[in-house]
Amino acid sequence: MKFQYGQFGGQFVPPVVVDALNELNEAFLEAKEDPKFIEEYRYYLKNYVGRPSPLYFARNLTEKYGGAKIYLKREDLNHMGAHKINNTIGQILLAKRMGKTKIIAETGAGQHGVATATAAAMFGMECEVFQGRVDMERQELNVFRMEMLGAKVTGVDQGTATLADAVDFAIGKWVERIEDTFYLLGSAVGPHPYPTMVKFFQKIIGEEAKKQILEVEGKLPDYLVACVGGGSNAIGLFTDFLPNEEVKMIGVEAAGEGLETNKHAATMAKGKEGVIHGMNTKCVFDEEGKISPVYSISAGLDYPGVGPEHAYLESIKRVNYESATDQEAIDGFLELSKLEGIIPAIESSHALANGVKLAKTLSKDKVIIINLSGRGDKDVNMIRSFI
Ligand SMILES: *Cc1c(COP(=O)(O)O)cnc(C)c1O
């Protein structure tokens, strides 16, 4: 088997799925070299998503910590409030190009489901989203949102009836309907080419940020900080800076109630190499070697695996992976709201929590970019029950 990222990646799926993945990979490789395809993708990013997203100098936050300058990449200002739409637009355009008429997707909390239903509505594609039954009950409002956008939401009862099961189920359904159906995966995870393809559609974040920081600071940043669930917003910010060795990078996972408890989603810190969802990567396993249920206050970081490129970037020590607890994320959430008038997603608040701690230890001439992957309107009710 070929691996894309050191020993990580691959296609650990049945042969019929490999065929479908190869068809997808060929279409992707062709599309990304086609200027017309790229032009169309850029058109929708500009006119529908609202890109480029600003790079905002957080003056108040910077002054409070008294160290490095803190900039926020404002993915929260995208249409539908997060970075996910960059990827769904890209993949739907690819689906159209391949002549597919139906979109299927998995979702955990519903954010990727909503982003997929949004793009499917705009492009007039039929859309079915698979969601664990437990998640459907926990995230009723997102189920309604997806339905309002014209998608069909199908409950998945197998296993723990949460995200990991929804992914397995969606891959199974894809195989049954491969001729007319496109499987739109929500993060930089899964069998090849998904991690590479999702990165391609998210790397716009770092490309813009690089231009923007050079314009205002006249130099590259010293640090990039992003939260890591599956790892798509992080790889989106990091990719364009990877050749610049002087730029240090930090991925922040969810430590939940603490790394010493079993209620966390810290795949890098507590996981081992193994196979999940068709890829060889790092993953949290229980004592019996089964994929372990994970926990975070943040639904978007609540994933037992991680994108294979992150496992690779950790192994070559290019990116440092840290974690933030629920409480640290809540503190970050409230602080940014009060100090800057920006209500961040609870996912992004994990990156904020570690970003400001880092800023404090650095001198004033240093520069940090924190990826504000989404806005926090969706989290306000939950935060209310914690304070
Ligand atoms: C889904 C989501 C994440 C986590 O997904 P990644 O693929 O790790 O980026 C982070 N932030 C927000 C706002 C999200 O919606």
Side-chain angles (χ1 to χ4, degrees), residues 53 72-88 90-91 105-116 118 131 135 139 142 145 163 166-167 184-190 194-195 197-206 224-239 250-254 265-268 277 279 281-282 294 296-311 313 319 321 323-324 329 332-333 336 342-353 355 370-380 382:
S53 67
L72 305 175
K73 181 60 175 159
R74 299 288 310 273
E75 293 301 297
D76 61 311
L77 294 176
N78 292 342
H79 178 50
M80 300 310 267
H83 67 294
K84 288 197 169 71
I85 193 89
N86 303 326
N87 171 49
T88 52
Q91 285 197 49
E106 83 297 336
T107 200
Q111 288 152 243
H112 172 56
V114 170
T116 304
T118 301
Q131 186 173 29
D135 287 338
Q139 305 286 338
N142 272 342
R145 264 196 199 105
L163 174 62
V167 177
L184 206 164
L185 230 171
S187 187
V189 299
Y194 282 105
M197 189 165 72
V198 173
K199 167 173 72 171
F200 182 80
F201 292 130
Q202 291 292 1
K203 70 181 170 59
I204 183 77
I205 301 173
L224 304 175
V225 185
C227 67
V228 176
S232 71
N233 86 88
I235 208 70
L237 177 65
F238 295 167
T239 297
I250 297 171
V252 184
E253 299 187 298
T267 313
M268 291 297 190
H277 298 142
M279 58 179 161
T281 185
K282 282 184 85 171
V294 285
S296 163
I297 188 175
S298 137
L301 302 185
D302 198 346
Y303 181 65
V306 67
E309 190 168 4
H310 288 289
L313 291 170
V319 179
Y321 293 85
S323 60
F333 181 103
L336 193 72
I342 298 171
I343 300 177
I346 189 68
E347 289 83 4
S348 324
S349 303
H350 288 72
L352 279 166
I370 302 175
N371 204 13
L372 205 64
S373 54
R375 59 174 166 253
D377 308 41
K378 67 182 178 55
D379 301 313
V380 167
M382 184 268 302

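Counting convention: from 1, in listed order, for ligands and their atoms alike. This one's a predicted model, so the numbers in the text were calculated from it and none came from an experiment.
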[X] and [Y]: side chain donor to acceptor below 3.5 Å:
X	Y	value
His277	Tyr303	yes
Glu75	Asn86	yes
Thr116	Thr88	no

Working for side chain to side chain contact (heavy atoms under 4.5 Å, CB included), residues Leu313 and Ile235: CA-CA 10 Å; Leu313 291 170; Ile235 208 70; 3.8 Å; yes

Which atoms form the tightest heavy-atom contact between Leu237 and Ala226, and what is the distance? CD2-CB, 4.5 Å

Using the rule given for side chain to side chain donor-acceptor pair (under 3.5 Å), can you reason through Ser232 versus His83, listing the C-alpha separation, both sets of side-chain angles and the distance that settles it, and then say yes or no? CA-CA 9 Å; Ser232 71; His83 67 294; 3.1 Å; yes

Under 3.5 Å: N or O atoms of ligand 1 paired with protein N or O:
| unit_1 | atom_1 | unit_2 | atom_2 | d |
| --- | --- | --- | --- | --- |
| ligand 1 | 7 (O) | Ser187 | OG | 2.6 |
| ligand 1 | 7 (O) | Gly231 | N | 3.3 |
| ligand 1 | 7 (O) | Ser232 | N | 2.8 |
| ligand 1 | 7 (O) | Ser232 | OG | 2.7 |
| ligand 1 | 8 (O) | Gly229 | N | 2.8 |
| ligand 1 | 8 (O) | Gly230 | N | 3.2 |
| ligand 1 | 8 (O) | Gly231 | N | 2.7 |
| ligand 1 | 9 (O) | His83 | NE2 | 2.9 |
| ligand 1 | 9 (O) | Ser232 | N | 3.4 |
| ligand 1 | 9 (O) | Ser232 | OG | 3.3 |
| ligand 1 | 9 (O) | Asn233 | N | 2.8 |
| ligand 1 | 9 (O) | Asn233 | ND2 | 2.8 |
| ligand 1 | 11 (N) | Ser373 | OG | 2.7 |
| ligand 1 | 15 (O) | Lys84 | NZ | 2.5 |
| ligand 1 | 15 (O) | Gln111 | NE2 | 2.5 |

